[in-house]
Amino acid sequence: MYSEKVVEHFTKPRNVGEIENADGVGQVGNPVCGDIMKIYLKIENNIIVDVKFKTFGCGAAIATSSMATELIKGKSVNEALELSNKAVVEALDGLPPVKLHCSVLAEEAVKAAILDYYKRTGKDTKALEKKCNVECTSYAHNHDIEGVG
Ligand code: FES
């Protein structure tokens, strides 16, 4: 039911932990299952030079956090903003439909961390807040994603 990549990222997740003095920290949660994901970013010259995560959640949430951190490490902030949950799922060779909402947490946690970075550095956050409702912790509900819970 899970791809080999999902199992691999769940059993050996990449970039687990915290970054002291992170430049951006984002936390999102799914109110239905109660899972929580936190992402820390270290950003230099607009490049994500380091990223770590902590996820209290299901296997799919851990695997998608791990893959999301791999996908944005070394990328520019703008590139990271384009990361979709679909891209994370594709990179993991798919997820069962009932677990797709878990991947939304990964996309949202990255966006929430970048929003935090924008705020700390005095950047205009309006466009980003519009782009994605990151301050709402029930993204999956707002976007009517199937399989929540
Ligand atoms: Fe809650 Fe996967 S994120 S069940």
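In each ligand, atom 1 is the first atom listed, and ligand 1 is the first ligand listed. Basis for what follows: all heavy atoms, side chains included, without hydrogens, waters or symmetry-related copies.
Atom CG of Asp124 sits in a crowded spot, with more than 12 heavy atoms from other residues, nucleotides or ligands closer than 6.0 Å.
The closest approach between any non-hydrogen atom of Lys99 and ligand 1 is below 4.0 Å.
The CG atom of Leu83 sits 7.0 Å away from the CD1 atom of Ile72 when rounded to the nearest 0.5 Å. In this structure, Cys58 SG and Phe10 CZ are separated by 8.5 Å, a value rounded to the nearest 0.5 Å.
For ligand 1, the atoms closer than 4.0 angstrom to any heavy atom of Ala61 are 3 (S). Close approach to Cys102 involves these atoms of ligand 1, each under 4.0 Å from a residue heavy atom: 2 (Fe), 3 (S), 4 (S). Close approach of ligand 1 to Cys58 (heavy-atom distance below 4.0 Å) involves ligand atoms 2 (Fe), 3 (S), 4 (S).
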(request) Kindly determine whether Asp23 and Leu41 satisfy side-chain contact (heavy atoms from CB on, under 4.5 Å), including the steps that lead there. (result) CA-CA 6 Å; Asp23 298 302; Leu41 300 175; 5.6 Å; no
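A donor atom on one side chain and an acceptor atom on the other are found under 3.5 Å apart for Asn15 and Thr69.
Atom 1 (Fe) of ligand 1 has an N, O or S atom of Cys33 closer than 2.8 Å.
Heavy atoms of Asp35 found under 4.0 angstrom from ligand 1 belong exclusively to the side chain. Counting heavy atoms under 4.0 Å from ligand 1, residue Leu105 touches it through the side chain alone.
At a threshold of 4.0 Å, the pair Glu8-Arg14 counts as salt-bridged, since one of the basic side-chain nitrogens sits closer than that to a carboxylate oxygen.
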